[in-house]
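Below you'll find the structure, written out as structure tokens, and then a few comments.
Note that ligands are numbered from 1 as they come in the structure, with each ligand's atoms numbered from 1 the same way. Nothing fancy with the numbering, it's 1 onward along the sequence.
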Amino acid sequence: MCVTLSPSLSFSLSLFLPLSLSPSLSFSSSLSPSLSFYLSLILPLSLSTSSYPSYLLFHRKRCPVSELHSKALINRCPRRNKQATASPRQAMSSEDLNDDDVFLSPSADVPVGELMGGTHVVNGSRPSSGYYSRQTSGYTASQDTPPTSAVLRVEDEATDRQRTPSPTGYRGAMPPPAQVPTPEEDDIIHKTILLGDSGVGKTSLLVQFDTGKFQPGTFSATVGIGFTNKVVTVDGSKVKLQIWDTAGQERFRSVTHAYYRDAHALLLLYDVMSKTSFDNTRAWLGEVHEYAQDDVVIMLIGNKCDVNGERVVRREDGERLAREYNVAFMETSAKTGLNVDLAFMAVARELKARKSNNPNERKFNVADYVRQEAKSDGCVCNVG
Ligand SMILES: Nc1nc2c(ncn2[C@@H]2O[C@H](COP(=O)(O)OP(=O)(O)OP(=O)(O)O)[C@@H](O)[C@H]2O)c(=O)[nH]1
């Protein structure tokens, strides 16, 4: 049933018609229960399709929850856009995220926004082209020139904290536009994502790689997601890495899932002082297999290997887990810088090798390389 009415009239009808119809219908013996239900419930909603809440209702109803779970992103309700069947990868990599895109938590039938007290609505262009922040009505994206680093922020109770530079010095870092590579310069940008529990040292690792510094201090959790572009030289060739630093906290999980769908490499960190963070790597690897591409380069990293005495995860345990999942493994220290460059260089080498026409280079094996180089780099991390 399709009736074109003015918004105000449809709203009035949607509000008052059921009230006026329902009582009479429920006592009417001449109408079947289903018809009475239709008239009392569906009819008013049909009449009010021009009002936003009703649209959302239809939107949600038309996108099966099971499908939403697997996609983690409600994209393009058929009602509004014929590309409703676009794959999640297409949806995320295309530049036309709609204002009806809503991030969902894969672990619950609840949009992330609702978990955080609002509804996330993504407006604007894709993440690499700007700087996102959630305001009361949703994300807004600046239309500035793409930066070499960006941060997805969620403005909630932590707003003030976000505006304060994090102890690690990474959050909010926005290099000047002069450093921005033009699209012509960018042949292939390899999207590399740092994953792992909150506090394992993802931000610190990236800061150490980017600036060569470690900033000790009070731990301040990353909010949202941000990236830094780095160009590394491998055998005389430049390899462009776009390194995404994700928030390890559970509440941002479904947002970050959406980002590693088109990742080329994933660095999964745990903290050698935290058995929980090590145990959780299995769950992380499960998510990686669910959301990332099959051929993504994965490296398991035991960070904070500078600690003495407080270590609870042995190096052998990390090695065993890496063997089990057939991924490369190394221990690093974002504090001392041990093996930090190597971690990113190894990934860059592997990504370059995969695209090489040189048969010798294509034989490159990142796990073997890391094993060799980490030893020669003198990793003397103590085993507890
Ligand atoms: N000793 C030591 N401490 C480290 C190392 N790396 C990070 N830390 C400390 O661990 C804490 C957490 O580091 P972050 O880099 O903020 O952790 P994160 O994984 O980015 O955390 P989220 O942003 O919540 O996901 C900070 O206090 C760091 O100073 C390391 O290699 N050695």
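Which parts of ligand 1 touch Ala221 is read off a 4.0 Å heavy-atom cut-off, strictly below it: atoms 23 (O), 24 (O). Applying the 4.0 Å criterion to heavy atoms of Phe214 picks out, from ligand 1, the atoms 3 (N), 4 (C), 5 (C), 6 (N), 7 (C), 8 (N), 29 (O). Under a 4.0 Å criterion applied to the non-hydrogen atoms of Ser333, ligand 1 contributes the atoms 31 (O). Ligand-side atoms of ligand 1 in range of Val200: 17 (O), 19 (O), range being under 4.0 angstrom from any heavy atom. For ligand 1, the atoms lying closer than 4.0 Å to a non-hydrogen atom of Ala334 are 6 (N), 30 (C), 31 (O). Near Ser204, the atoms of ligand 1 lying under 4.0 angstrom from a non-hydrogen atom of the residue are 6 (N), 7 (C), 13 (O), 14 (P), 15 (O), 28 (C).
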Test side chain to side chain donor-acceptor pair (under 3.5 Å) applied to Gln242 and His190, step by step: CA-CA 6 Å; Gln242 185 174 77; His190 299 98; over 6 Å; no
Under the side chain to side chain donor-acceptor pair (under 3.5 Å) rule, what do Thr332 and Asn303 come out as? Steps first, then yes or no, please. CA-CA 5 Å; Thr332 59; Asn303 189 40; 2.9 Å; yes
| said: Pair Asp271, Ser277 - check side chain to side chain donor-acceptor pair (under 3.5 Å), show working. | reply: CA-CA 6 Å; Asp271 175 352; Ser277 73; 5.4 Å; no
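Inter-residue side-chain proximity for Val366 and Arg349 is flagged as unmet; no heavy-atom pair is nearer than 4.5 Å. By the 4.5 Å heavy-atom criterion applied to side chains, Leu241 and Asn229 are not counted as neighbours.
A heavy-atom separation below 4.0 Å is found between Gly199 and ligand 1.
The 12-atom threshold is exceeded at NZ of Lys355, counting heavy atoms of other residues, nucleotides or ligands nearer than 6.0 Å.
Cation-pi geometry between Lys230 and Phe209 is met: the NZ or CZ atom falls under 6.0 Å from the ring centre, inside 45° of the normal.
Below 30°, between 30° and 60°, or above 60°: for Tyr270 and Phe329 the angle between ring planes is below 30°, a parallel geometry.
When Thr336, Asp306, Leu206 are checked for heavy-atom proximity to atom 1 (N) of ligand 1, Asp306 turns out nearest. When Gln215, Lys202, Lys304 are checked for heavy-atom proximity to atom 4 (C) of ligand 1, Lys304 turns out nearest.
Of all the heavy atoms of Asn303, the ones lying under 4.0 Å from any atom of ligand 1 belong exclusively to the side chain.
The shortest N or O to N or O distance between Pro216 and ligand 1 is not under 3.5 Å. Polar contact check, Gly248 against ligand 1: a nitrogen or oxygen pair lies under 3.5 Å apart. Where the criterion is an N or O separation shorter than 3.5 Å, residue side chain and backbone included, Ala247 fails it with respect to ligand 1. Annotation: Asp245 places no N or O atom under 3.5 Å from an N or O atom of ligand 1; distance criterion only.
Side chain of Lys191 to backbone of Leu266: no donor-acceptor contact under 3.5 angstrom is found.
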